[in-house]
Amino acid sequence: MKKKYSIFSLVKNSLSDNQNWKKMWRNPDPRKFYDVIIVGGGGHGLGTAYYLAKEHGLKNIAVIEKGWLGGGNTGRNTTIIRSNYLWDESAHLYEHSLKLWENLSSELNYNIMFSQRGVLNLAHNEHDVKEIRRRVSANKLNGIDSEWVDPHQIKKLVPIMNTENCRYPVLGASYQPRAGVARHDAVAWGYAMRADELGVDIIQNCEVKKIRTAKGKVQGVETSKGFIRSNRVGVVASGHTSVLAATAGIKLPLQSKALQALVSEPIKPVINTVVMSNAVHAYVSQSDKGELVIGAGTDGYNSYTQRGGYNIIEDTIRAIVELYPIFGKMKMLRQWGGIVDITPDASPILSKCEVEGLYFNCGWGTGGFKATPGSANVFAHTIAKNKPHKINAPFSVDRFVSGRLVDEHGAAAVAH
Amino acid sequence: MFTIRCPYCGERDQSEFSNGGEAHVTRPKDPEQISDREWSEYVFIRANPKGIYYERWVHTHGCKKWFNAVRNTSTDEILKVYKIGETPPPLKEFKNTIKTPSGEPDVGSGNFSVKKP
C-alpha cells in the first residue's frame, strides 16, 4: 500500500489526533538468500536499494544496518549540498546528485526540506582568491551555477559578517545559488519508506560481522542474525568500511577519523545562506528551527570513537566568532562526531574490487551527504550491471594503482 | 580529547601533539623491481584497524621529538609509548577488548548504536 502524503492526509490525521499514521516501513526477519545485500542503512545505502528496485527491477534486496536507519554519518553531517567541485569527474558526479536533489521530495513524495539557499566559499588570502576563481571558471565550463562575488556583494548576502576588521579579512567568495541544505534524516526515512514499498527488506539492529568469500567470489554475509547468502554485496559503511573490507581480505586506501559538528541554541533568522571557509575553517548555516549548524575540521588521528577533541571545537568557534562577532555570546546546545573514511585524494571510491560480486561505495570523507542521491543512483547501476556508470567510472579503486587520482582537497572544504 | 605521555617530557594534553599516521611502514628496498600495485600499497594503503593501532606522534608544541605509540582506536586509550628505534611491543601484549569487527567496548567509546544493555 503506497503511502501518500498531502495536505489532506495531514488534515485527516490531525482530526484523529495523529494516532492513525501507518508505520513507514516493515521490520522483517532476514531471509536465507537475497539477490543483493547492501551493508549500511544510511542515505547512500537505502538510496542504492531504492534505485536497484526502481530503476533496475531487482526484487529480492536487503539493507542490513547494525544500529538504526540514518544513525551514522547521515544523521551527523551539517546537511550542506553543493556541486562546485574543481575537476570534471567530480563536477559530473556532484551535479548529477544536485539534479536528483532538486526533484527528490516529489519523487519520494516525502518532504526532505530541501532548501536551495546558496553557498558561499570564502577567500581570505591571495592564494584563496586565485584558487577559488579558478574553481568558479571550471564550474562554469561544466555548466554549474558558480560565480565570483566581491566583499561588497558578500555583505549584501550576509550583513552580519565581519569582512574587514579581522585577522584574515574576506577578499571574496564563490557563490553557488542552487546549493543549499536538506533535512538529513528525512532523506534516509524517505528512501527507506519507498524502498520498502518496492519490496526491499530493511533489517535494523543486525550487525554484519564478516563478508564470506570463496574462490574469489562473494558468498554472503555473517551477521548477528545468522548467515545470509548472496552473490552480490554492496558495502556502504562509511567509517567502518575498512573493518568490513578486512574481513574479506581487502585493503582499501582509507583512514577513519572523527569529524565534529555542533548546534547552537535557536535564534531568530539571522543568516539565510550557507557560508563555508576553508582557510579559517568554519562553516555555518541556520536550521529551520533557528539553530546555527556549525561544522569543524577532522581530528588529526585515526579513531572510531564518535566524539573528537574539544580543541577542534575551540578552533572552529574562534573562527566563527571572528567572522560573526554577533554570535560571541551564544550558547552551544549539542556537539557530536561522526567517523568519516578519508581517501588520499579526498574523492570517493565507487567501485568493484578483486572479489567478484563485492562492491564498495566509500571514501566520501568529509563531504558525503551532498552526494547521497547521485552516489546511490550510480552505485545501484554499478551493482545491477556489474560495471560502473560512466559518471562513477573515474572513481574506481584502481586509480590508486594507475595514478589517475581526482584530487579534490581544495573543493572538499574541510581540513584533513 | 586525551593526554599523551611524551617519552621525553611526560604527560601532556593531546592538542600539543600532531599525529604522524601508521608507524613502522618501511620503504620497499628495490622500488624499480616491484609492480605498480605493490608501489601503490606502499604509497597509499595504511592500516586502519578498529582496535590496536601502532602509530607515530610528534610533540609539536613541546620538545618537537617524534615517538611511537600503541593506541586502541575504538576507545582512544593509549596503551604504550616508546621511542623511535625501539622494538615495537608485540600485539599479543595488549588484550584486545573489541568483541566483533564493529562491536563496541564496554567503556570509552562514543558509538552507542550497538551497545547492549
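Residue numbering restarts at 1 for every chain, and letters A, B, ... go by the order of the sequence lines. Keep in mind that this is a model prediction, so the values were computed, not measured.
For A:Leu405, the part lying under 4.5 angstrom from a heavy atom of chain B is the side chain only. Residue contact with chain B, scored on non-hydrogen atoms closer than 4.5 Å, involves the side chain of A:Asp398 exclusively. When heavy atoms are compared at a cutoff of 4.5 Å, B:Glu41 approaches chain A solely by way of its side chain, counted from C-beta outward.
A donor-acceptor pair shorter than 3.5 Å cannot be found between the side chains of B:Thr73 and A:Asn302.
Separating the CD1 atom in B:Ile45 from the NZ atom in A:Lys251 is a distance of 7.0 Å, to the nearest 0.5 Å. Atom CG in B:Asn19 sits 10.5 Å away from atom CG in A:Asp299 (nearest 0.5 Å). Taking CD from B:Glu77 and OG1 from A:Thr305, the interatomic distance works out to 12.0 Å, rounded to the nearest 0.5 Å. The line from CZ of B:Phe44 to CG of A:Asp345 is 7.5 Å long, rounded to the nearest 0.5 Å.
Between B:Trp57 and A:Tyr301, the closest side-chain pair of non-hydrogen atoms falls below 4.5 Å. Using a 4.5 Å cut-off on side-chain heavy atoms (C-beta onward), A:Leu254 and B:Arg46 make no contact.
Across all non-hydrogen atoms, the minimal contact from B:Arg71 to A:Ser303 is NH1-CB, 4.2 Å. Listed here is the closest heavy atom pair of A:Phe400 and B:Ser40: O-OG, 3.0 Å.
When each of A:Gly239, A:Pro253, A:Ser224 is scored by its heavy-atom pairs under 4.5 Å with chain B, the top score falls to A:Pro253. Annotation: maximal heavy-atom pairing with chain B below 4.5 Å, among A:Ala258, A:Ser256, A:Gly337, occurs at A:Ser256.
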Q: Would you sort out whether B:Asn72 and A:Tyr304 count as a side chain to side chain contact (heavy atoms under 4.5 Å, CB included), showing the intermediate values?
A: CA-CA 9 Å; B:Asn72 181 347; A:Tyr304 287 84; over 6 Å; no
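The number of heavy-atom neighbours closer than 6.0 Å to CH2 of A:Trp87, taken from other residues, nucleotides and ligands shown, is 12 or below.
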